[in-house]
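These notes concern the structure reproduced below.
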Amino acid sequence: MISMKQIFKSFGQNDVLLGVDIEIRESEVLALMGENGAGKSTLMKILTGVYKADRGEILENDKEIQYKNTKDAEQNGVAFIQQELNIWPNLTVLENLFLGKEKLKKFGIIDNKSMRKEALALFEKLNLNLELNELAGNLSVGMQQMLEISKALMQDAKVIIMDEPTAALTNSEIDVLFEQINQLKHEGVSFVYISHRMEEIFEIADRITVMRDGSSILTAKTNETTQQQIIKAMIGRDLNNQYPDRNYTKNEILLSVKNLSSKDQGIENVNFDLHKGEILGFSGLMGAGRSEIMRVLFGLDKGQMQVMMNNQPLQIKNPYQAIQQGLAFITENRKDEGLVLQDSIVENTALPALKSFSKAGMLTQSSMNDYTEQMIQRLNIKGRKEDSCIDLSGGNQQKVVLAKWIATAPKVLILDEPTRGIDVGAKREIYHLMNELTERGMSIIMISSELPEVIGMSDRVVVVHEGHISGVLDKTELTEENIMTLATGGNLNEAI
Ligand SMILES: Nc1ncnc2c1ncn2[C@@H]1O[C@H](COP(=O)(O)OP(=O)(O)OP(=O)(O)O)[C@@H](O)[C@H]1O
Ligand SMILES: [Mg+2]
């Protein structure tokens with residue numbers, strides 16, 4: 001239906017696309033895969049008129065096309081859900097849905113009633129519980145993502161492009177999304193689906209195109225290929241055991257959290273210990289309160305708690321105090337809380353490290369340079385240390401946030417969904433890094449919604465259900481079943 005042929009694109013000296021070919025067929029889900037920075041988002045931005053290709057052609061049913069911008073693409077039936085969410089935080093859910101396409105009654109009066117009706121019907125289909133008058137900025141990232149998806153589904157699109165649509169969705173939201181995709185596919189709609197989640201791709205995609213370093217290097221039918229083959233095409237080598245072995249033996253308690261509560265966040269009486277050198281997983285359904293617990297602990301949100309580190313009481317009233325006392329927090333909201341986008345990679349990496357430690361003489365500018373170079377290489381960040389972060393791909397920006405917080409050499413590193421949106425090769429490098437850090441005595445709290453990751457990397461797992469801890473599992477008890485039982489409010493003894 002649509003084909004892109006020999007697409008070339010450079011940004012200044014940076015040759016990003018080097019002759020990419022893809023074909024979007026009717027009534028199919030085409031997955032687009034590749035490492036962070038491979039050029040996936042750029043290719044889709046070219047299709048939808050955000051950027052113009054330097055060379056190459058785009059054909060629709062053998063006729064050359066070129067959309068002027070995303071709006072033009074939309075009007076021609078190509079909807080694009082971008083990786084960076086395009087929500088207007090100060091507008092309501094309803095206003096966001098119909099922005100620029102308001103329904104009008106006679107005399108140009110906005111027809112709120114019929115817009116509300118249409119929105120509610122769609123939300124019901126999507127099993128979404130969203131208040132139409134709520135400000136979009138108050139929604140969780142996951143809900144904002146569902147709102148974007150709703151926006152795209154509401155147009156009568158023939159092609160829907162989804163750039164990492166499920167990054168912040170719960171499993172049940174993903175199920176509903178996939179149902180909708182399959183249904184629309186049978187009605188003749190085509191999808192381009194970009195994701196780093198391999199299981200998802202093999203569940204939803206009919207065909208897969210893999211890009212590497214700006215070229216399309218493999219296209220295969222999903223049922224005629226394997227995950228191994230796709231990974232090899234993506235990173236150019238085989239990848240054995242995704243989760244490296246850990247050798248942790250139980251150590252003394254480093255951090256002890258008692259009676260952590262927050263009325264505003266619905267968190268009640270949370271107690272847990274974190275041992276020296278331990279990776280403590282935090283599992284639970286989305287919205288269970290995992291991130292909220294950490295936000296209170298880090299002084300970002302109000303609450304009550306008693307915290308001890310090495311048996312000494314800590315006062316944490318704001319993030320600054322938390323950092324001073326050896327905590328670091330990589331939030332799930334990395335775009336907003338993580339980076340100064342205009343600044344360079346090295347400036348961003350050095351920012352908190354220099355602030356909190358330079359006086360103590362621990363870090364100098366030249367050691368920051370070395371450290372940044374080392375991280376760029378290890379995490380395979382596609383950029384030079386002096387490049388501005390605004391031009392980095394989504395996944396590469398996340399790697400910079402990681403590098404920045406690790407540089408502060410905290411005693412306790414809190415990671416919220418550390419590998420979301422990160423490609424398989426770099427994921428593995430992050431796991432290695434976590435192992436190294438804990439071997440040097442750092443303790444890590446890792447919130448993750450990917451069960452294999454929680455099980456593969458944690459020494460123990462705390463399961464959160466509706467704002468309180470429903471159980472703590474030892475390494476030997478770590479199974480998907482046990483975690484899910486606790487996460488859904490069940491009781492382990494009954495399950496056996
Ligand atoms: N506006 C821009 N100016 C300069 N360079 C850019 C710009 N947009 C993208 N790039 C560069 O193009 C390359 C490809 O980026 P792109 O966002 O397409 O990657 P991606 O495959 O979508 O990665 P990810 O999986 O991390 O989202 C990156 O190296 C990025 O730094
Ligand atoms: Mg991208």
Side-chain angles (χ1 to χ4, degrees), residues 4 7-20 22 30-54 56 69-70 80-86 145 148 161-168 192-198 200-201 208-218 230-231 233-236 334-335 338-339 341-346 348 375-377 379-403 417-430:
M4 300 181 77
I7 303 291
F8 285 80
K9 177 74 186 171
S10 304
F11 295 101
Q13 303 276 58
N14 190 0
D15 301 327
V16 172
L17 300 180
L18 306 162
V20 179
I22 65 160
L30 172 72
L32 202 50
M33 298 199 75
E35 289 186 308
N36 299 127
K40 306 176 295 290
S41 298
T42 304
L43 186 69
M44 289 302 106
K45 285 178 182 168
I46 287 173
L47 175 57
T48 53
V50 179
Y51 297 144
K52 206 167 164 291
D54 299 336
N69 48 45
T70 49
F80 185 18
I81 305 172
Q82 300 206 34
Q83 194 169 7
E84 311 82 32
L85 294 179
N86 270 317
Q145 208 160 42
E148 285 260 36
I161 303 162
M162 299 185 166
D163 197 346
E164 301 214 27
T166 60
V192 179
Y193 192 90
I194 301 178
S195 170
H196 290 287
R197 295 186 173 180
M198 199 66 78
E200 232 168 56
I201 296 286
I208 303 174
T209 291
V210 178
M211 294 177 62
R212 184 162 87 225
D213 296 335
S215 303
S216 42
I217 61 164
L218 175 88
I230 297 295
I231 290 173
M234 276 171 66
I235 65 178
R334 289 183 259 269
K335 205 61 182 293
L339 291 177
L341 284 174
Q342 298 81 357
D343 285 358
S344 69
I345 296 181
V346 67
N348 269 291
M375 281 303 187
I376 287 175
Q377 206 177 40
L379 299 179
N380 195 13
I381 298 175
K382 296 252 159 64
R384 291 157 306 172
K385 65 176 189 306
E386 54 280 358
D387 288 348
S388 157
C389 287
I390 205 159
D391 295 334
L392 296 181
S393 77
N396 284 308
Q397 287 179 349
Q398 299 198 29
K399 295 175 188 173
V400 176
V401 181
L402 263 173
E417 306 286 358
T419 64
R420 178 188 287 165
I422 289 195
D423 66 61
V424 281
K427 257 186 197 170
R428 191 151 191 282
E429 202 51 49
I430 288 172

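Numbering of ligands and ligand atoms starts at 1, following listing order.
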*For atom 27 (O) of ligand 1, the protein heavy atom that lies nearest, with its residue and separation*: Gln83 NE2, 2.9 Å

*Number the atoms of ligand 1 from 1 as they appear, then name those within less than 4.0 Å of a heavy atom of Gly394, with their elements.*
26 (O), 27 (O)

*Do me a favour and list the nearest non-hydrogen protein atom to atom 17 (O) of ligand 1 with residue, atom name and distance?*
Ser393 CB, 3.3 Å

*atom 22 (O) of ligand 1: nearest protein contact (heavy atom, Å)*: Ser41 OG, 2.8 Å

*asked:* Quick check: do Ile345 and Leu392 have side-chain heavy atoms less than 4.5 Å from each other?
replied: yes

*asked:* So Asn380 and Glu429, do their side chains get closer than 4.5 Å, heavy atoms only?
replied: no

*Report the residue from Asp213, Asp387, Asn36 that forms a side-chain contact (heavy atoms from CB on, under 4.5 Å) with Lys382.*
Asp213

*Please tell me if the side chains of Leu379 and Val400 come closer than 4.5 Å, counting only heavy atoms from C-beta onward.*
no

*asked:* I'd like to check Ile422 versus His196 (side-chain heavy atoms, cut-off strictly below 4.5 Å). Are they in contact?
replied: no

*So do Met33 and Ile208 actually touch side chain to side chain, heavy atoms under 4.5 Å?*
yes

*Does some side-chain heavy atom of Asp391 sit less than 4.5 Å from a side-chain heavy atom of Asn14?*
no

*Sort by chain and number the protein N/O/S atoms that are closer than 2.8 Å to the Mg ion (ligand 2), and list them.*
Ser41 OG, Gln83 OE1

*Are the side chains of Gln82 and Lys45 in touch, meaning some heavy atoms are under 4.5 Å apart?*
yes

*For atom 7 (C) of ligand 1, what's the nearest protein heavy atom and its distance?*
Phe11 CE1, 3.5 Å

*To the nearest 0.1 Å, how far is atom 16 (P) of ligand 1 from its closest protein heavy atom, and which atom is that?*
Thr42 OG1, 3.5 Å

*Just jot down the ligand 1 atoms closer than 4.0 angstrom to any heavy atom of Leu392, in number order.*
31 (O)

*Check whether any side-chain heavy atom of Val20 sits under 4.5 Å from a side-chain heavy atom of Lys9, and report yes or no.*
no

*Closest non-hydrogen protein atom to atom 30 (C) of ligand 1, residue and atom name please, with distance?*
Asp391 O, 3.2 Å

*Are Gly39 and ligand 1 in contact, using a heavy-atom cut-off of under 4.0 Å?*
yes

*asked:* For atom 14 (C) of ligand 1, what is the closest protein heavy atom, and at what distance to 0.1 Å?
replied: Gly37 O, 3.3 Å

*Name the closest protein heavy atom to atom 12 (O) of ligand 1, giving the residue it belongs to and the distance to 0.1 Å.*
Val16 CG2, 3.1 Å

_Please list, in number order, the atoms of ligand 1 under 4.0 Å from a heavy atom of Ala38._
19 (O), 21 (O)

*Between atom OH of Tyr51 and atom OG of Ser41, what is the distance when rounded to the nearest 0.5 Å?*
9.0 Å

*asked:* Has Glu35 got a side-chain atom pairing as donor or acceptor with Arg212's backbone, closer than 3.5 angstrom?
replied: no

_Short side-chain to backbone donor-acceptor contact, Ser393 and Gly37, under 3.5 Å_ = yes

_Any heavy atom of His196 closer to ligand 1 than 4.0 angstrom?_
yes

